[in-house]
Amino acid sequence: MSSLFELNIGLISGRWPDLAERIVTASVPPSAFIDRSGRQESLVYEGIHLSSGEDRDREARLQASLVPEGSREAWVYGFGSGDLPRALLGRSEVIHLHVVVMNYPAARFSLASLDHSDWLSDPRTELVMAERVGGIHFPFAASPACLRIAEEDAARLRDLVVLELSTPHIRSKYRAEDAGLRERLASNESFVVADRDVADLFGTQAGATIVIAGAGPTLGRHFQTLRRKRSACFLIAVDAALRPLLVNGLIPDAVLCIDGHEKIVSFFEGLDPEPLRATALVYFPVIHPRILRSWPGPRLAAYPDHPLYADLAVRRPRATLYCSGSVIHPAIDLGVKSGAAKVILAGADFSFPGSATHVEGCVVRESVKPAPGTDWVVDGHGGRVSTTPAMRGYLRDLEGYIAGHPEVIFINGSRDGAAIRGTECREEPL
Amino acid sequence: MARCRWYRDEAARAFRLGMEGQASENLIEFIDRYSHQLGSRTISPGEMEGIAAVLGELFEAQARKDYLYLADLLEYRLVV
């Protein structure tokens, strides 16, 4: 045990004994090392530098700038080399600083390698375990390297922080696409006028079990049971799941389509129209008009709660469905608003179980190769399954939605995809 | 040149803040302009070797998502 570690852990033991215990029992992998190639030392954990190796103070000041000047309380997600909490405690107006540990072995490595005693002994510091932090707190600053190496217990919090950090960029990207979407809304308005309102479906399935077919790889496991018990449930599919369902003899009651992208058309091309005569297409009017024109069954328009739709909503009022980027959101919200007592999520994987992006039979299905640095999410077994940052964002937003609907039972139909907070996992859900 | 540096600085800044999407887009813009810039001036074989080595490290750091090191390479190691 290094003398630095003794000094640092001694301070932690005195103030946060539970946390000290977690750190002391963590073991640092042999691959962790100190990179001395730059002007300053930089700790490297799992191939990730925990700080700049050139100017740590400058970097910490930049990261601290996310906390507005004058803030009296702030949160730090991951302490890295200690520079970020130090930068914030350098502000005299800060009276309470919550510092969240995102990875115990990395924390141990840092405490054994650097002197953290100044900020650890500061009475304004509160060191916190990630698993005890319910949700994201503001204002905050983060050590991005600590987010990258976050452990399973900290994964949900990591995703919320990453989502928050990426939100301004995502919004500006969407704004750039707004002009094209406005044109699409204008040209599709005639469909909205002619079609029914999605509100016609609300309340029609009171007390029902509603299955939501996402297009994730695990959807295929439910085909057999769904065929056997098809009459016992209302089936809502996302657009990408439609073809795989039909190929397997399953006709959904409703299909959701919300994305204006050209590639979405491929989900509908070449389908036999006959089985779909009674299936409702529920859509946001930004989708490609070819999908609307060729749909053989009833069409129902819906809007997301988004400023882009504000004008249209005044002229042609239609009900809204919750959407935070993924088509699975409005599909689930339609289930809930239709009156479901129980919502079963089938193929809502938010990840790549079996190293595939989609269920078999989906035209955009690809295989994914595991690589170092791949993003992951905790699966239903407590392990890691690869994913993308966008899907993690969709997952966390869905969890927020589920938390707002305690009146509905949500079942996750697979443990191999992402674990979804607020759901019960049952692999034979019907 | 100034635009090239601007994208480099923005990429490094966003990587240090954990804003990965924004950082990656700026990095792409930077690399695009930087390669164009390299093609338009005379570079000694020795200098080229140095640049290629840093760029190699940079792409490796990008692949393993070692973004603070990547930011260091951009700001302190690559001559722009």
Side-chain angles (χ1 to χ4, degrees), chain A residues 35 37-40 42-56 58-66 77-78 80-81 83-84 140-150 158 161-173 176 371-375 388-390 393, chain B residues 1-34 37 46-80:
Chain A
D35 182 1
S37 65
R39 278 179 271 193
Q40 287 183 297
S42 175
L43 308 182
V44 184
Y45 185 88
E46 289 178 346
I48 305 293
H49 285 70
L50 300 190
S51 69
S52 167
E54 301 292 344
D55 193 340
R56 282 167 34 195
R58 173 176 168 260
E59 181 176 80
R61 282 197 306 275
L62 172 67
Q63 290 163 349
S65 70
L66 293 184
Y77 298 109
S81 298
D83 307 293
L84 179 54
F140 74 82
S143 152
C146 291
L147 298 177
R148 173 59 52 194
I149 60 167
R158 167 202 64 193
V161 174
V162 169
L163 192 60
E164 199 56 41
L165 287 170
S166 58
T167 297
H169 179 61
I170 294 171
R171 290 219 174 109
S172 74
K173 272 186 79 162
T374 301
D375 291 289
T388 63
Chain B
M1 180 85 90
R3 204 72 188 144
C4 187
R5 286 199 180 124
W6 186 86
Y7 280 114
R8 177 199 64 181
D9 295 346
E10 282 302 298
R13 180 179 170 279
F15 277 128
R16 294 197 196 282
L17 288 170
M19 299 172 175
E20 295 179 8
Q22 190 181 337
S24 298
E25 281 183 17
N26 283 306
L27 180 66
I28 291 166
E29 291 289 344
F30 164 70
I31 295 289
D32 198 35
R33 281 166 172 76
Y34 188 59
Q37 186 189 307
E47 193 187 346
M48 195 59 229
E49 210 174 295
I51 291 169
V54 178
L55 284 177
E57 267 199 86
L58 191 146
F59 292 130
E60 274 176 33
Q62 185 188 24
R64 66 173 186 273
K65 300 189 170 128
D66 185 5
Y67 292 139
L68 298 181
Y69 185 60
L70 198 166
D72 276 355
L73 291 169
L74 283 173
E75 288 187 299
Y76 298 96
R77 297 271 302 280
L78 208 58
V79 182
V80 181

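Throughout, protein chains are lettered first and strands after them, A, B, ... in sequence-line order, and every chain is numbered starting at 1.
At a 4.5 Å heavy-atom cutoff, the contact between A:L66 and chain B is made by side-chain atoms alone. Interface remark: A:I149 contributes no atoms to any contact with chain B (heavy atom separation under 4.5 Å). Looking at A:R56, there are no atoms closer than 4.5 Å to chain B (heavy atoms on both sides), in backbone or side chain. Of the two parts of B:A63, only the backbone, made up of N, CA, C and O, holds a non-hydrogen atom closer than 4.5 Å to a non-hydrogen atom of chain A. A:S52 touches chain B through backbone and side chain together, each having a heavy atom under 4.5 Å away.
B:Y67 has its ring centre less than 6.0 Å from the ring centre of B:F15.
For B:R13, the CZ atom counts as loosely surrounded, since its 6.0 Å shell holds 12 or fewer non-hydrogen atoms of other residues, nucleotides or ligands.
B:Q22 places no side-chain N or O within 3.5 Å of a backbone atom of B:A11 that could act as its donor or acceptor partner.
Contact check for A:I48 versus B:Y69: no side-chain heavy atoms found under the 4.5 Å cut-off.
If you check the side chains of A:S42 and A:D35, you find no donor sitting under 3.5 Å from an acceptor.
For the set A:E59, A:Q63, A:K173, A:E46, the count of heavy-atom pairs under 4.5 angstrom toward chain B peaks at A:E59.
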